[in-house]
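The block underneath contains the structure these notes are about, expressed in structure tokens.
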Amino acid sequence: MNKKLTIIIFILSLNTTYSQTNFTKKIDSLMHQANDLGIFNGRVLVVKNCGIIYDAAIGFSDTNKNLLHKNSTMPVGSIAKEFNAVGIMMLAEQSKLSIEDTITKYISNLPNYAKRIKIKHLLNYTSGLPRHNKNLSYQSGMQKIKDLKELEFNPGTGYSYSYFNVILQIKIIENITGLTYKNFLQNYIFKPYKIKGGEVIKNNELKPNMAHSFDNDFNETTFEHGGNSMYFSLGDLYNWVKALHHTEMISNESKKILSRSFNKDSESSLGFIKVVNGEIAAQSHHGSGDNYEAVIYVDNVNEIEIILMSNNQNFKLWQLKDAIVNILNKKNFELPKKSIYLDIRGKLLDNFSNGISFYNNLKENHSKVYDMDSEVYDLYSTGNYLMRRERFEDAIKIFHISASTEFQDKGGISYSYSLIGDCYRMMNDYSMAIIYYKKAIELEPKNKALKAKLKTVLSKIESVGQKGN
């Protein structure tokens, strides 16, 4: 090799190594500052140009302050829903189903409404099946589906991120293959793609590698909703990302089907996807539950992959991901501030008036520590937290506050009114639900999902009236 060319290659190699080292130092500083502030406790992996430039376990595995390690496992929330969606497309590619089929072709003993639901509606959460406020097991979920009298909206006309869609996907997979869902995953996804996890807690006893979850007051929360989730290591999640984006696990056409969402603000089976020239250019997916939280981010154009996992949910993983991306792109970045939501939700639940006083105090005296720029989103999360616990009247008060915050725009106010309408609908106060759905539509007249909700509530009133006659 030419001596001059060898020197050039060597210099370029040194520059690349220096650049990666600089990235690593900045990312490490960011993540440890986040830990010191109390907004990150968990695992983080950053990959650039197919090379790992940062891989760390930061913080504690449990309330006894045992340290996390690189083999620690945690649930990943909604990200696990990618497995069943990919499973459906595997069966479609084997001609064992069509996404245009109605679900009654594969599942018997369902109510009449099920004849209108196609498999494709389950994949992008447009089936019309409602959200359920309480944590559901697979068995209890199937029973709820069978007990359901009617859909929230006509399939394909609206969006509702309901776990019922996932339950039915799993049931279809089991009925077609004759395998339990667990065995299907092991045989067709986990073993072939080197995913070692997928374990579920038994008898409320965690194995040594399973990380407990805890809140910001260091209270154990692992079994807050039953602890029925599968546990994965960060390595498992990375292997999944590589399989999805860089292998023929399913075809590119199947991936594009799973990338379809109802609109730009709704999730697909793979979270939020950007498709360019028929290829998946980027993927972002967030999952949470029982104070665990996870984020995967893939930028196939710039060859960046970021995975964050936490056993101390603070809803800052998204912002930390953005900060890491800025570091890699040599842009300015900021350390996220603490979340209002996580510090007020429990207090509101215990005593609403005291919780509101605490919230007002944070706004007035602690804006340097707490993230007031995300106040509106924290209020949405707080209201939904109260809704899930059937504290609908308190949730309505929170959504009214969210509608009146200083920086709220028409779309945000409309969303607040829509959530208020949801509360009234769940309270069976259809007249008030109609009032707030109409107020929301006035601000967003082109919002199809809102119109579908209004139509459903109007039909409920009509149905009640007919029964009364």
Please name the residue in the list Arg425, Lys453, Lys455 that meets the salt bridge (charged side-chain N to carboxylate O under 4.0 Å, His left out) test with Glu152. Arg425

For the residue pair Asn124 and Ser261, what are the closest heavy atoms and their distance? CB-CA, 4.4 Å

Does a side-chain heavy-atom distance below 4.5 Å link Met90 with Met249? yes

Is atom CD of Glu100 surrounded by more than 12 heavy atoms (other residues, nucleotides or ligands) closer than 6.0 Å? yes

Any Lys363 side-chain heavy atom under 4.5 Å of Met372 side chain: yes

Any donor-acceptor pair under 3.5 Å linking the side chain of Ser381 with the backbone of Tyr377? yes

Between Asn300 and Ile280, is there a donor-acceptor pair closer than 3.5 Å when you use the side chain of the first and the backbone of the second? yes

Closest non-hydrogen atom pair, Lys338 against Leu37: CD-O, 3.9 Å

Shortest non-hydrogen separation from Leu348 to Arg391 and the atoms involved: O-NH2, 3.3 Å

Any sub-3.5 Å donor-acceptor pair from Glu293's side-chain atoms to Ser310's backbone N or O? no

Quick one: does any side-chain atom of Asn84 pair with a main-chain N or O of Lys81 as donor and acceptor, under 3.5 Å? yes

Check for a donor-acceptor pair, side chain of Tyr193 on one end and backbone N or O of Leu244 on the other, with a separation under 3.5 Å. no

Taking the cut-offs as 6.0 angstrom to the six-membered ring centre and 45 degrees off its axis, would you call Lys331 and Phe333 a cation-pi pair? no

Donor-acceptor pair, side chain of Lys242 and main chain of Thr247, under 3.5 angstrom: no

Between Leu320 and Val295, is any pair of side-chain heavy atoms under 4.5 Å apart? no

Does Leu335 reach the side chain of Gln319, with side-chain heavy atoms less than 4.5 Å apart? no

Looking only at heavy atoms, which two atoms of Tyr159 and Glu267 are closest? And how far apart? OH-N, 3.1 Å

Any idea which heavy atoms bring Ser233 and Met309 closest together, and the distance? C-SD, 4.0 Å

Check whether Tyr113 forms a cation-pi arrangement with Arg116 (NZ or CZ under 6.0 Å from the six-membered ring centre, at most 45° off the ring normal). no

Going through the checks in order, is the side-chain hydrogen bond (donor to acceptor under 3.5 Å, both in side chains) test met by Tyr359 and Asp343? CA-CA 9 Å; Tyr359 159 68; Asp343 282 358; over 6 Å; no

Does Lys448 make a cation-pi contact with Phe153, if we ask for NZ or CZ under 6.0 Å from the ring centre and within 45° of the axis? no

Quick one, Ser127 with Asn165, criterion side-chain hydrogen bond (donor to acceptor under 3.5 Å, both in side chains). Give me CA distance, side-chain angles, the key distance, then yes/no. CA-CA 7 Å; Ser127 63; Asn165 294 283; 2.6 Å; yes

Taking Asp265 for its side chain and Asn263 for its backbone only, find out whether a donor-acceptor pair lies under 3.5 Å. no

Taking Ser162 for its side chain and Pro130 for its backbone only, find out whether a donor-acceptor pair lies under 3.5 Å. yes

Answer whether the closest heavy-atom distance between the side chains of Ile324 and Ile304 falls below 4.5 Å. no

Give the minimum heavy-atom separation between Asp378 and Asp371, together with the two atoms involved. OD2-O, 4.3 Å

If only side-chain N and O atoms count, and only distance matters, is there a donor-acceptor pair under 3.5 Å linking Ser259 with Ser268? no

Could you tell me whether Lys439 sits above the aromatic face of Tyr417, with NZ or CZ closer than 6.0 angstrom to the six-membered ring centre and within 45 degrees of the axis? yes

